[in-house]
Every structure is written in C-alpha cells, then in structure tokens.
Amino acid sequence: MPSGSRYFYWFLYRRRNRFTTILIVVFLLLCFIYLNPNSKPSDQDKQNQRPRRNLNERKIRINRETYTTPEPCHGCPGENGAGVSLTANESKDLQQVLAKEFFNLRASDKISLWRSIPDSRDSECRSVQYPKDLPSASVVIVFKNERWSPVLRTVYSVLNRSPKELLKEVILVDDQSDIEEMGAPLDEYCEEHFGDLVRILRAPTRLGLIKAKNYGAKNATGDVVVFLDAHCEANTGWLEPLLARIKEKRSAILCPSIDMIGERNMQYSGTGFGSIGGFWWSLHFNWKPIPKRTLEAQKSRIDPYPSPTMAGGLLASHREYFFEIGGYDEEMEVWGGENLELSFRVWMCGGSLEFVPCSRVGHIFRPGHPYNMTGVKGKGDVHGRNSMRLAEVWMDDYKRLYYMHRRELIGKDFGDVEDRRAIRKRLKCHSFKWYLDNVFPEKFILDENVLAYGEVRNPYTSLCLDTLGKDEKGSIPLAVYSCQNGASANQYLSLTKNHQLRREDACSVTLDSSSIVLSGCDFGNQQQTWTHEKNGTLVHHPSKLCLDVEGLSNNDQVKLKPCEADKQSQKWLFEHYAA
Ligand code: UD2
Ligand code: MN
C-alpha cells in the first residue's frame, strides 16, 4: 500500500477523470448559488450585522460628489412606516431591553436604516414652490447613549430627504456615550458612507443636552441651525419650508410638526396638525389646541402659525440669530427647561416661534431616559433648577406661580443668572406680562382677574378643598385634606369672574347628581358655574345645590347637597378675595 502523500497522488492519478467531473459539478453548483437571488443574504440580513460594514457601499455612499438616495429596501420590515412585530425568539428578554432603552431597540434593528415612511403632509404642501436661493442648513443631532439603528436612521432620513444643495452638513455631538459601537465604529461608518457630509464631535466632558446643542451649533457652518433628537425620521420636504420661512423672517424660530414613531413597534404615524405648545405653571411643556384667533389669522391652513412654546427637540433657527439672542443657557444641566426658556425669550425679545405644518419629522417619544439625569448642581432635580433659572430671568413676578408648585425650591441655589439678565437688558425685551397678554392670552393666571383664589378652607375645621395630588393628565376628584398653609398646589383654587371654580386647566363640574370632579374648562358649559354667597356657601348654579362634605375628615369627597343655612360643612373661605 502506498503511504501518506504518495497515496494521495496515486489516488488522484487513478481517479483523475472522476475528480475533474466532481470539480465541474462543484463549480456549476457555486454558479447556481451565486446567481440565485433567494440564496443571497437579504439587504435586511446585511443591515442587521453590526457594525454594518457589509452594506452595498457603492449604492449608499452619500458624500457630496456622489449624492444619491439609496434604493428602497424592498420587502424589509417597517417599510412605508409600518410597525414591526418580533418573533418569539426576538422577544426573548425584551422587557430588559425596554427597561434599559425605553423603546423597542429589537424592532428598530429589524428596520432598514433608510426605510420609506408615508408622506404625512397636508396634500396642499406638495404643490408649494419654494424659492431657489434658500439659506443652507446644518443639522445638529446631540446624543447620549443612543443606539446605532435609530441614530443612523435619523441621519439617513436627513440625507435622503433634504435637497443636497441646501444641506451643508450633519453634525453629530456625542455627549460622552458609554456605548462602544457609537465610538470608533460610528466614526468609521460615517467616514466611509458619508464623507464630510457628516461630522462627529465628541464632547470633552458630559455636557447635557442643552450645552451639547450649543456646542454643536457653535461648530456649525450653515446659515441655519436645525436641531433634531437622535431618534427621529425626517419626512419628505421637511427642510424647505423651514428655510423658506427663515429667509422671509430671520428672527423666526421654527418647529416642524412632530409625528409619532411608536416606541413599541416603530410605526410611523402622522399626527395631523392642530396643536400649539403651552406650559404648566410647574414649567413643564404641554400641547394645546390651536386657538381660534390663530386659525383665523392664517391665510392658508398650511402657513406657519405662532405658538407660545415648543417641545424643544426639533427646531430651526438662523444660526447667527440664535446666538444673538443668547443661544442656550450654559448653566443649565442635562435635561429640561431650555425649551420654555428659549420660547419665552424669542417672543419677549422681538422674534417669534412658529410651527410649520408642511415640515414633518417623526420622533420616538420614550417613557424614560437611557442616561443619568443627575446634574452636578441640580443633583436629582435638573429640571427644577433649570426652571428656576428661567423663572428668575424671564418671568418677573409670575415666578410666584412656579414656586407655588415647587415650594421646596424656594431659597435654593440656582447659580448666577446675571449674564442671562444682561441679554434681556441688551435686547430691551418685553415683560412676561406682555408675553402673557400678547402671545398667550389663553393662559389662565390663577390669581389675576378672578373673584377669589388660594386655599379654600372650612372655617370650622382645619380642612381645605384638595385635589389629592391628581392633575389635569387624568380625572381630578375634589375632596378635603388638612390645610397646608399655602404649601400645596393641590389646594390652590380660583373662582373666576365667569363663575368657574377651577385650578390651572380644569373646572369643577358635577359627575353624577352629587359628586364633584374637575375636568376641562368650557366657558359655555353651565354645569361649570358657581356662586360664592356672602354666607360662605358655594352654590352650583344649575342644580342650586351647595358644596358640602360629609365626614369632615381627610380624603373625604365633597358632594352637592341641598343648601342649609348655618350648616358648618357647607361653609368655605378663600384665602384671598379680590378687592
Ligand atoms: C424633549 C425634547 C428634547 C429636549 C428636552 C428638554 C422633543 C422631541 N425632545 O425631551 O430635545 O428639549 O425635551 O430638555 O421635543 N442627550 C444628550 N445629553 C444628555 C441627555 C440627552 O446629548 O445629557 C440627547 C439625547 O440622546 C437626545 C436628545 O439629547 O438625542 C434629547 O433627549 P431625549 O430624547 O431624552 O429628550 P426628550 O425627547 O424626552
Ligand atoms: Mn427625544
């Protein structure tokens, strides 16, 4: 027997013909596999590899010279903005992912980085002709612990849906993320795929989103700076209407209409339009319906319209103007307050804040934050301290209404605000009263222009009317609780000149024949009218019944009862009466 390699050669020699046949068969088989489209890894498979360097780079290279929009990812999940479902296997430990990211990262990872989404604009927007010579834009996206697929999808949506001659650059500001793939792999990916269209700046220390936005904007070179959160999808034609309005009015700060990207399944849904931004006196942002006066002033329903405040994340401003009016407050930490601060400031200092119906951008609203919310100075309550700064600089005496909600902050340190007050002086800005009267006349001021306000005490006990910690987000019961001597916003009620018994945004009405709750105020609703008689009773107009409380102990619900002269549980005294 031949041994070792000799045996091998002998074998080959003897079997040469058969061996050649096998080679040919293998070759044909390989050709078949390569040419059969079903056996190639799909676009989706390729995209799910991370870091994703196996993409068909030629197709998607989007640098200045070879700017093309990638082919749609046919057959991929989530196309046309559809929601994505997960297999049982993919859903394994999903709760942990949700608890960490506050959105469904697994679903996001299944979707193409440049998926298609439905054009959610009003059909009229599609035929608007914008001027050719619009200012250029730098899009600034700040991120802290955001993930690969939503961040890159934000970038692709901007690159694919902005006219290339208008987009100067995209600037990604990494606010010291702890996620490895967002470091060098992101640098490499952007360099390879986007050339100098996308720049990445690494914050030298944790800046917090407010300073990070300043940092990005200072490094921007476009005429206009546009801020986006790092989990957005810009929709068709989103940029032109923003730039066109800034060309018309340099001092207008503009917000696209924010569409929703479902945090559970990533479904893109248009939100229509019909909102302005408002605020609570606790200095949180809220959405309100567009007032009639605003609708009436619009020439067309797709025109930009004024809004008293903005949510904060998505906005466009002439870059130089943004800094002329003070940029963001560099002493604000991490998250919160800067959106109302900029809103009040731009209005009070001669500019305007407008919502643009034809510009639409989707955003994933997350129920929590994937990053540490603790500031150095604001410690556990960065929003509270940031809001103190804005109240102290911009709200004049109306800051009382903020401190009424946040009594524990009275006397706390809010840092030095002299530089910010200097802006107000330099620009000769209006008062906060001017803002309330002219920009937001719908805002209810709890202690102005009312018949009575403050705690509503039963003079025979130490009990006050109380909303038991519930606010306008849900239904608000009206009950009694030990008086807190002005220390609780739950006990602050107003009796208005049009006879409503209300708090910030909710008026007392009868739920059934006897119990009382607070719900949306409606001036036309007779069920909401009350009189405070000289003898101390609060009489409900339509029923002619009196506000009464049965047990006279903490948490007892108030009721409507037949009025009885001298019944102690029907006597109420407001803390203040208008002179
Ligand atoms: C809203 C705004 C947000 C900001 C915030 C108030 C929208 C859609 N979003 O909160 O832009 O105005 O209200 O301050 O209106 N980030 C950092 N560093 C940090 C923390 C966050 O870079 O220390 C990034 C974060 O990765 C994200 C952006 O800032 O890209 C906004 O943060 P968010 O999405 O958690 O804030 P959101 O949408 O709750
Ligand atoms: Mn966000």
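Side chains included, hydrogens not; waters and symmetry mates left out as well; all remaining heavy atoms used. Note that ligands are numbered from 1 as they come in the structure, with each ligand's atoms numbered from 1 the same way.
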Undergrad: Under 4.0 Å between a side-chain nitrogen and a carboxylate oxygen: does that hold for Arg106 and Glu101?
TA: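 No, Arg106 and Glu101 are not salt-bridged.
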Undergrad: Ser116 and Asn80: side-chain donor and acceptor closer than 3.5 Å?
TA: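 There is no such pair between these side chains.
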Undergrad: Among Ser162, Ser359, Ser257, Ser157, which residue meets the side chain to side chain donor-acceptor pair (under 3.5 Å) test with Trp238?
TA: Ser162
Undergrad: Please collect all side-chain hydrogen bond (donor to acceptor under 3.5 Å, both in side chains) contacts where either partner lies in residues 404-422, sequence neighbours excluded, each pair once.
TA: Glu341-Arg420, Asp381-Arg406, Arg406-Glu408, Glu418-Arg421
Undergrad: List the residues meeting side chain to side chain contact (heavy atoms under 4.5 Å, CB included) with Lys288, not counting sequence neighbours, and say none if there are none.
TA: Ile276, Asn286, Asp505
Undergrad: Can you confirm whether the side chains of Ser120 and Asp259 place a donor and an acceptor under 3.5 Å from each other?
TA: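 Short answer, yes.
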Undergrad: Just the protein N/O/S atoms under 2.8 Å from the Mn ion (ligand 2), please, no waters.
TA: Asp229 OD2, His231 NE2, His363 NE2
Undergrad: Is it true that the NZ or CZ of Arg319 lies under 6.0 Å from the centre of Tyr321's six-membered ring and within 45 degrees of the ring axis?
TA: no
Undergrad: Does a donor on one side chain and an acceptor on the other come within less than 3.5 Å for Asp175 and Tyr371?
TA: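 Side chains of Asp175 and Tyr371: no pair found under 3.5 Å.
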Undergrad: Who are the residue neighbours of ligand 1 when the rule is a heavy atom under 4.0 Å from any of its atoms?
TA: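 Ligand 1 pocket, heavy atoms under 4.0 Å: Val142, Phe143, Lys144, Glu146, Asp175, Arg206, Gly208, Leu209, Lys213, Asp229, Ala230, His231, Ala311, Gly312, Gly313, Leu314, Trp335, Gly336, Glu338, His363, Arg366, His369, Tyr371.
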Undergrad: Taking the six-membered ring for Trp, are Tyr398 and Phe432 parallel (under 30°), tilted (30 to 60°) or perpendicular (over 60°)?
TA: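 Geometry flag for Phe432 against Tyr398: tilted rings.
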